[in-house]
Amino acid sequence: MNTYDTIMKLALERGFYFPSCEIYGDAPAGFWDYGPTGVNMKNRFVELWRRELVRRDGMLEIDGSQIMSKSIFIASGHITNFTDPMIICKQCGSTFRADKHIAEITGHELPELASGSEIDNIIVENKLSCPKCGGPFEKSTRFNMMFKIGIGPSNDEAYLRPETCQSIFVDFPRIFKTMRGRLPLAIAQLGKSFRNEIAPRQSLLRLREFYQAEIEIFCNPNRLDEVPKFEEMKKKVLRLYINDSYQEITAQDAVDQLIIPNNLVAYYLTLLVLFYEKTGIDMNRTRLRQLSTSEKAFYASFAFDFEVETSIGWLELVACNYRSDYDLRGHSTVSKQNLHVIDPIDNTKVLPNVFELSMGIDRSIYSILEHSFFEDFEHERTVLRLRPYLAPILAGILPLITKDGLREKAQLIYSQLKLDFPVFYDESGSIGRRYRRLEEIGAPFAVTVDRQTLSDDTVTIRNRDTMLQLRIQISELSNYLHKEAYKLVS
RNA sequence: GCGAAGUUAGCCCAGCCUGGUUAAGGUACGAGCUUCCCAAGCUCGGGAUCGCGGGUUCAAAUCCCGCACUUCGCACCA
């Protein structure tokens with residue numbers, strides 16, 4: 001069994017995640033639910049995101065509506081651009097991406113916005129036919145990956161947002177005015193996005209409904225190098241992947257050598273890397289990959305992906321795009337609102353540019369699970385070596401045996417801790433079995449009540465990774481857990 | 001979307017070819033006994049209308065048809 005399957009099995013058996021609507025046969029693919037264990041872990045991950053990105057950098061966080069009006073997506077370009085041109089064979093029904101097929105056969109790179117008739121003309125001119133059966137093609141069509149919905153009794157056209165950031169762009173003017181905004185201003189949002197994928201696969205890795213954490217940094221395009229806080233992290237070594245080769249280089253050097261275009265981008269890429277270091281992902285299996293022109297999203301003027309290597313290949317966790325003024329300009333034009341702001345440094349009006357970090361939460365959760373998974377053959381155990389601050393359960397409270405008042409003592413300790421910490425009481429089965437159960441869902445500590453506890457009010461704390469125990473006063477337990485569990489390791 | 005394989009308890013799976021009592025086993029789970037420290041042992045227990053729907057038949061997990069989902073390949077994709 002490969003690692004992906006092992007994690008999948010663990011997720012299903014231990015309540016991390018599982019298919020949505022699974023008791024019904026018509027459950028659509030691409031929708032997954034987080035179970036009790038998974039939702040705890042996801043919440044802890046979100047706490048870390050708030051701590052290490054939002055609060056650390058002083059970002060503003062919003063929580064926007066998931067349903068948005070049609071105009072939003074006219075302005076954003078999604079109505080026309082967020083589509084794949086498709087051609088279907090009349091004879092065998094095979095479908096192909098029109099632009100890819102044309103490029104492959106004729107070498108013609110079609111522009112993003114090629115119209116249907118242009119595509120049809122090229123097919124006719126070049127006498128293209130189905131590569132499978134040689135049959136002729138139908139007229140090309142476009143498949144839009146947004147979910148269209150109808151609002152109210154008149155069924156007004158609206159869409160589920162395909163990315164959370166559109167809320168940020170359209171909320172920007174109010175936030176900037178009311179929150180005493182000043183460029184550069186970072187606005188963050190964590191929430192659901194929806195994309196009607198043609199073929200969702202691999203559980204959390206390609207979903208139709210998924211969590212994104214997006215950070216949009218609004219900046220003055222003339223002051224992209226004026227980022228004082230870059231000072232403190234410019235010596236950080238980044239693992240860049242450019243034109244199929246790795247370069248380990250400090251953030252400062254990357255800017256000096258024009259690999260990273262400016263200090264602002266370098267600062268936020270470094271902040272992102274520092275964040276992921278704290279998730280427990282093996283940073284030696286990550287990279288910041290520079291995207292080529294053909295790979296970039298339609299709105300990006302340059303782009304890096306933060307990627308992580310897993311058992312099923314390199315996985316994109318964060319898309320880092322410089323969107324220039326594409327979004328604000330689009331929304332300004334369609335809404336006829338003036339979205340310029342004043343930069344008080346020189347009192348000039350500027351339409352802010354945007355650099356974005358678009359993070360996939362579900363993929364991040366999966367990657368953390370996979371990189372934390374450890375099979376300890378020596379002790380015949382499987383251990384999820386999650387960082388304590390990401391663990392769904394922080395500690396199990398266990399009476400060594402249930403007799404002689406140990407059960408009652410353990411339950412008392414449990415009730416004293418459970419409001420402050422995600423702890424778990426378990427008296428079922430042998431002590432070894434209970435340790436194994438905790439290890440499997442990543443609980444970093446196990447508190448065991450034994451006979452000595454009754455005489456001197458001490459308990460043992462077992463460390464998940466070392467299996468070693470130390471004995472402390474019950475009165476010190478809360479402090480210990482707080483210190484050990486929330487201590488950030490970098 | 002195309003092609004192939006698969007779907008029986010939380011999980012792994014037997015049974016299907018050759019239709020016929022109460023669908024077997026392992027593991028996990030729960031209760032008890034035992035034991036103060038790493039998946040031990042013993043006893044007992046709950047849990048499946050066999051993916052969904054239809055058909056054939058006196059009788060369907062088993063034969064036939066349709067659908068859904070999963071995995072893999074192709075095609076595609078943040």
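Numbered from 1 within each chain, the chains take letters A, B, ... in sequence-line order. Only a predicted model underlies this, so the values are computations on that prediction, with no experimental measurement involved.
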By nearest nucleotide on RNA chain B, pick out whichever of A:M145 and A:W32 is the more 5' one.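 With A:M145 and A:W32 compared, the 5'-side residue is A:W32.
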Starting at the 5' end of RNA chain B, which residue's closest nucleotide do you reach first, A:I312 or A:G429?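 The 5'-side residue here is A:G429.
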Salt-bridge criterion met for [X] and [Y] (N-O under 4.0 Å):
X      : Y      : result
A:R436 : A:D376 : no
A:R433 : A:D426 : no
A:E439 : A:R462 : yes
A:E163 : A:R323 : yes

Hey, can you tell me if [X] and [Y] have their rings parallel, tilted or perpendicular (30° and 60° cut-offs)?
X      : Y      : answer
A:F169 : A:H331 : tilted
A:Y425 : A:Y414 : tilted
A:F147 : A:F194 : perpendicular

Indicate, with yes or no, if the rings of [X] and [Y] have centres closer together than 6.0 Å.
X      : Y      : result
A:F275 : A:F45  : yes
A:F172 : A:F218 : yes
A:Y366 : A:Y4   : yes

So, is the end of the [X] side chain (NZ or CZ) under 6.0 Å from the ring centre of [Y] and within 45° of the ring's axis?
X      : Y      : result
A:R239 : A:Y246 : yes
A:K192 : A:Y211 : yes
A:R289 : A:W314 : no

Counting Watson-Crick and G-U wobble pairs with both distances under 3.5 Å, what is the dot-bracket string for RNA chain B, 5' to 3', using [ ] for crossing pairs and | for pairs to another strand? ((((((((.[[[..)....(....]]].(((((.......))))).....[[[[[..)....]]]]])))))))....
Protein-nucleotides 10-14 of chain B N/O pairs closer than 3.5 Å?
from, atom 1, to, atom 2, distance (Å)
B:rC11, O4', A:E13, OE2, 3.3
B:rC11, O2', A:K9, NZ, 3.1
B:rC11, O2', A:E13, OE2, 2.9

Output one line per pair: protein atom, nucleotide atom from nucleotides 33-37 of chain B, and distance, for all N/O pairs under 3.5 Å.
from, atom 1, to, atom 2, distance (Å)
B:rC36, N4, A:R451, N, 2.8
B:rC36, N4, A:Q452, N, 3.0
B:rC37, O2, A:Y435, OH, 2.8
B:rC37, O2, A:Q469, NE2, 3.3
B:rC37, N3, A:Q469, NE2, 3.2
B:rC37, N4, A:D450, OD2, 3.0
B:rC37, N4, A:T460, OG1, 3.4

Just wondering, more than 12 heavy atoms not from A:D456 lying within 6.0 Å of its CG?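 Yes, because the 6.0 Å sphere around CG of A:D456 holds more than 12 heavy atoms from other groups.
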Could you go over nucleotides 3-9 of chain B and give all protein N or O partners under 3.5 Å, atom names and distances?
none

Inter-nucleotide P distance (B:rG47, B:rG1), Å rounded: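 Looking at atom P only, B:rG47 and B:rG1 are 39 Å apart.
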N/O to N/O distances under 3.5 Å, protein versus nucleotides 25-29 of chain B:
from, atom 1, to, atom 2, distance (Å)
B:rA28, OP1, A:R433, NH1, 3.4
B:rC29, OP1, A:R437, NH1, 2.3
B:rC29, OP2, A:R433, NH1, 3.0

By ring-ring contact (aromatic ring centres under 6.0 Å, His included), which residues pair with A:Y322, not counting sequence neighbours?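 For A:Y322, the residues satisfying ring-ring contact (aromatic ring centres under 6.0 Å, His included) (neighbours in sequence not counted) are A:F302.
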